[in-house]
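Single-structure report; data block below.
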2 protein chains.
Amino acid sequence: MTNRIAVALNALADPTRRTIFERVGAAPGAVGEIAAGLPVSRPAVSQHLKVLKEAGLVTDTPDGTRRVYRLDPRGLGALRNWLDRFWGDQLSAFKDFADQQESTE
Amino acid sequence: MTNRIAVALNALADPTRRTIFERVGAAPGAVGEIAAGLPVSRPAVSQHLKVLKEAGLVTDTPDGTRRVYRLDPRGLGALRNWLDRFWGDQLSAFKDFADQQESTE
DNA sequence: CGATTCGGTTAGTCATGACTTACGGTAAGC
DNA sequence: GCTTACCGTAAGTCATGACTAACCGAATCG
C-alpha cells in the first residue's frame with residue numbers, strides 16, 4: 001500500500017522522467033515522438049517509461065510497431081490520497097500549535 | 001515554480017526521508033526524538049531534515065538546545081496543485097480516449 | 001565557571017541508478 | 001520473401017547522494 005507510493009514518488013523524482021511524464025500528460029504518444037527533442041537517447045526514454053509504467057503512472061497500448069503511452073489514473077490517485085492524509089495532519093497540527101500559542105501569550 | 005516541485009518530489013523520494021517526514025506529520029518533535037528507533041544515525045536524520053526544510057516540507061523552531069520540526073503547508077500545497085493539474089489532464093485524456101473507442105466500435 | 005546535552009557540519013566511503021552503445025525482435029511496406 | 005521502422009533489452013560506464021565517524025558550536029544545569 002505504501003509501496004505503491006514509494007515507487008510513484010521515486011519515479012517522479014527524476015527530472016528527465018518527470019519531463020516525459022508531463023509530455024505524456026499533455027498528449028499521449030509513441031516512444032519516438034516523446035523522445036524527439038529530449039536531450040537523451042530513445043532507449044533511455046524507453047527505460048524511463050518502463051519505470052513509470054511499473055509505478056502505475058502510465059499505460060501503454062500497442063499500435064502496429066508503435067506503442068502509445070498515456071496517463072494512468074491509478075498511480076495519480078494513490079499519490080493524491082497519500083498527500084491528502086498529510087494535508088489533514090498538517091491542519092490539525094497547525095490547530096494544536098495555534099491553540100498553544102494562544103494559551104501562552 | 002516547477003523547481004519547487006522538483007525539490008519536493010526529490011525530497012520525498014528517499015525512503016528514510018519519507019519515514020522522517022511521516023513521523024513529523026504524525027507528531028512534531030526534536031531531532032533526537034525523531035531519530036530514536038530509526039535504523040540510521042542522528043546526523044543522517046539531521047541531513048534529511050535539512051533537505052526536507054529546503055524543500056518547504058518542514059519548518060524548525062528553536063527550543064533551548066533542542067529544535068522542534070513540524071510540517072510546512074507550503075511544500076505540501078505546491079505538490080497538491082501540481083498533481084491536480086495532471087488529474088485534469090488525465091480526465092480530459094480519458095474522455096478523448098473513451099470518445100475514440102466509442103466511435104470505432 | 002566546567003560539564004552535559006543537543007544538534008548541525010565535514011570528510012570520506014560506497015551503493016544506486018541514469019545514460020549510451022550495441023543488439024534482437026516484431027509489425028508494416030515494397 | 002527482403003527491407004525498413006519502431007521499440008525493448010543487456011552490458012558497461014560514470015555521477016549522484018545516502019551514510020557513518022569525528023568534530024564543533026550553542027544552550028542548560030550543577
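Being a predicted model, the structure only gives us computed values, none of them experimental. Every chain is numbered from 1, with letters handed out A, B, ... down the list of sequences.
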Margin query: Using whole Å, what does the distance between atom P of nucleotide D:dT20 and atom CZ of B:R42 come to?
Written below: 11 Å
Next item on the list: Without swapping roles, check the side chain of A:D14 against the backbone of A:R17 for a donor-acceptor pair under 3.5 Å.
Entry: yes
Checklist line | Minimum heavy-atom distance B:P28-B:V68, with the two atoms named | finding: CB-CG1, 4.3 Å
Next item on the list: Pick base, sugar-phosphate or nothing for A:P43, based on heavy-atom distances below 4.0 Å to the nucleic acid.
Entry: base
Check: Whole-Å distance between D:dC6 C1' and A:R67 CZ?
Finding: 11 Å
Check: Minimum heavy-atom separation for A:L12 to B:L9, with atom names?
Finding: O-CD1, 3.6 Å
Check: Closest nucleotide of DNA chain C for B:T65 versus for A:S41: which of these residues is on the 5' side?
Finding: B:T65
Next item on the list: Please determine if a side-chain N or O atom of A:S46 lies less than 4.0 Å away from the OP1 or OP2 oxygen of D:dT9.
Entry: no
Check: A:D63 has an atom CG; how far is it from atom P of D:dC6, in whole Å?
Finding: 12 Å
Next item on the list: Indicate whether OP1 or OP2 belonging to D:dA18 is found under 4.0 Å from a side-chain N or O atom of B:R17.
Entry: yes
Next item on the list: Using whole Å, report how far CG of A:L49 lies from C1' of D:dG8.
Entry: 11 Å
Margin query: Reading DNA chain C in the 5' to 3' direction, which nucleotide is the first one with an atom under 4.0 Å from a heavy atom of chain B, and which is the last?
Written below: C:dC6 to C:dT10
Notebook entry, point to check: Between atom CG in A:D60 and atom P in D:dG8, what is the gap in whole Å?
Noted result: 7 Å
Margin query: Taking the basic N atoms (NZ, or NE/NH1/NH2) and the acidic carboxylate oxygens, is any pair closer than 4.0 Å for B:R23 and B:E33?
Written below: no
Next item on the list: Select one nucleotide: of D:dT20, D:dG8, D:dA5, the one nearest the side-chain heavy atoms of B:V40.
Entry: D:dT20
Next item on the list: Run the salt-bridge test on B:K53 and B:D72 with the 4.0 Å N-O cut-off and return the result as yes or no.
Entry: no
Next item on the list: Would you confirm whether A:R18, through its side chain, and A:A13, through its main-chain N or O, come within 3.5 Å as a donor-acceptor pair?
Entry: yes
